[in-house]
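First up is the structure itself, then whatever we jot down about it.
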2 protein chains.
Amino acid sequence: MPMIQKAIEPDVAGESRLEDLVGYHLRRASVADMNDFVRCFRAEGLRPIPFSVLCAIDEQPGTTSAEICRILGLQRANIVSILAEFDERGLIERHSDPNDQRIQRLSLSAEAKSLLPGWRARVVEREEKLFHTLTAGERRTLCELLARVWKGAE
Amino acid sequence: MPMIQKAIEPDVAGESRLEDLVGYHLRRASVADMNDFVRCFRAEGLRPIPFSVLCAIDEQPGTTSAEICRILGLQRANIVSILAEFDERGLIERHSDPNDQRIQRLSLSAEAKSLLPGWRARVVEREEKLFHTLTAGERRTLCELLARVWKGAE
DNA sequence: TATTGTTATACTCTATAACTATA
DNA sequence: TATAGTTATAGAGTATAACAATA
């Protein structure tokens with residue numbers, strides 16, 4: 001009985017190429033996205049992480065800094081300067097909570113409320129350009145797979 | 001003729017949530033992967049980017065620093081300290097090219113050649129754990145979509 | 001002129017430890 | 001004890017500009 005040999009050996013033991021590692025492609029795609037974001041919002045001085053903080057405050061008005069950190073996966077220490085800058089620029093308001101003197105309730109200022117929808121629309125438009133090699137369905141698939149990755153890693 | 005109303009309005013104009021942005025999930029997943037890598041290889045002092053440099057040298061023996069930067073999407077300036085550290089640790093060798101005095105041909109040392117397969121296997125094993133919420137097919141799909149994203153963004 | 005390797009520099013993101021004030 | 005906001009600090013990754021040597 002003759003041995004049947006596989007025509008193609010896609011992954012020899014101990015021979016994984018960089019191209020086969022998910023982490024490699026994650027980094028490349030994430031860097032591409034970050035750079036694109038910065039390029040697009042250079043004039044506004046808006047960066048990816050601060051933008052996500054702004055969105056989180058908008059989506060959870062009256063939330064706290066610690067809660068946003070839990071939602072976005074940031075360290076409490078690292079959101080301080082972001083919020084301080086937004087405060088200086090008049091984009092957020094902080095109100096102390098009468099029932100708990102430790103916390104500050106965060107909300108967008110009127111100016112931020114008027115600016116954010118336009119910024120969001122530009123972010124969506126930007127993503128459509130950056131991900132032009134993917135169909136709308138593939139973009140949703142990508143989102144869903146990525147979400148399962150990081151939510152499963154928490 | 002009565003108006004037919006949609007039961008669900010998934011994305012009102014100007015109302016994109018953070019959860020719908022690909023970039024957000026890209027960052028979360030990439031950070032999760034990077035942190036996991038660091039945790040896994042803390043003892044070896046091996047970080048994700050240097051690891052990818054090591055792999056690139058292994059996969060393209062005799063290549064140059066500039067060429068690796070083009071392959072991995074790094075700045076020429078940022079690979080200098082990585083190669084210097086590998087040199088100090090005896091993991092790479094640099095040979096000047098007789099035909100072009102500007103360039104250095106890079107290759108792995110014997111020690112690196114003996115260590116790398118084990119490291120690679122652990123990286124693969126690590127990814128299998130990190131991406132346990134994804135089937136093997138979904139992991140391949142993810143890789144393929146991510147590759148199209150960053151290759152289309154260059 | 002263009003490329004290689006390099007130095008210098010700066011910025012963003014992330015992580016950890018520790019403090020204070022409140023609960 | 002535990003939590004919220006904060007300060008200080010460090011490290012990794014990335015980006016830009018410029019230089020000398022070589023092509």
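All of these numbers come straight from a predicted model, not from anything done at the bench. In the text below, chain A, chain B and the rest are named by the order of the sequence lines, each starting its count at 1.
Under 4.0 angstrom from either OP1 or OP2 of dA15(D) there lies at least one side-chain N or O belonging to Q75(B). Close to dT6(D), at under 4.0 Å from its OP1 or OP2, lies no side-chain N or O of R76(A). Residue N35(B) has a polar side-chain atom (N or O) positioned under 4.0 Å from OP1 or OP2 of dA15(C). Phosphate proximity of dG13(D) to R47(B): present, with a side-chain N or O under 4.0 Å from OP1 or OP2. Using a 4.0 Å cut-off, no side-chain N or O of S65(B) falls inside it from OP1 or OP2 of dT4(C). The phosphate of dT6(C) has OP1 or OP2 within less than 4.0 Å of a side-chain N or O from R94(B).
Across the protein-nucleic acid pair, I103(A) atom CD1 and dA21(C) atom C1' stand 13 Å apart, rounded to whole Å. L72(B) has its CG atom 12 Å from the P atom of dG13(D), to the nearest Å. With rounding to whole Å, I82(A) atom CD1 is found 7 Å from dC13(C) atom P. Taking atom CZ of residue R102(B) and atom C1' of nucleotide dT22(D), one finds them 6 Å apart after rounding to whole Å.
Salt-bridge formation is detected for the pair K151(B)/E19(A): a Lys NZ or Arg NE/NH1/NH2 atom is positioned less than 4.0 Å from an Asp or Glu carboxylate oxygen.
Both Q101(B) and T64(A) sit near DNA chain D, but only T64(A) has its closest nucleotide nearer the 5' end. Residue order along DNA chain D, read from the 5' end via each residue's closest nucleotide, puts I49(B) first among I49(B) and D100(B). The nearest heavy atom of DNA chain C to D97(A) and to N78(A) marks one nucleotide each, and the one closer to the 5' end goes with N78(A).
Residue-level contact check: L74(A) touches the backbone only, with heavy atoms under 4.0 Å from sugar-phosphate atoms and none from bases. Within 4.0 Å (heavy atoms only), V31(B) reaches sugar-phosphate atoms of the nucleic acid but no base atom.
Nearest nucleotide to the side chain of P48(B), out of dA8(C), dG13(D), dT7(D): dG13(D). Of the candidates dT6(C), dT14(D), dT14(C), the closest approach to any side-chain atom of Q104(B) belongs to dT6(C).
Distance check, rounded to the nearest 0.5 Å: CD of E111(A) to CG of L91(A) gives 5.5 Å.
Side chain of Q104(A) to main chain of S65(A): no donor-acceptor pair is present (N/O by atom type, distance under 3.5 Å, no hydrogens or angles). A side-chain donor-acceptor contact under 3.5 Å links E138(A) to the backbone of T135(A). Using a distance-only test at 3.5 Å, with no hydrogens or angles considered, no donor-acceptor pair links the side chain of E59(B) to the main chain of R17(A).
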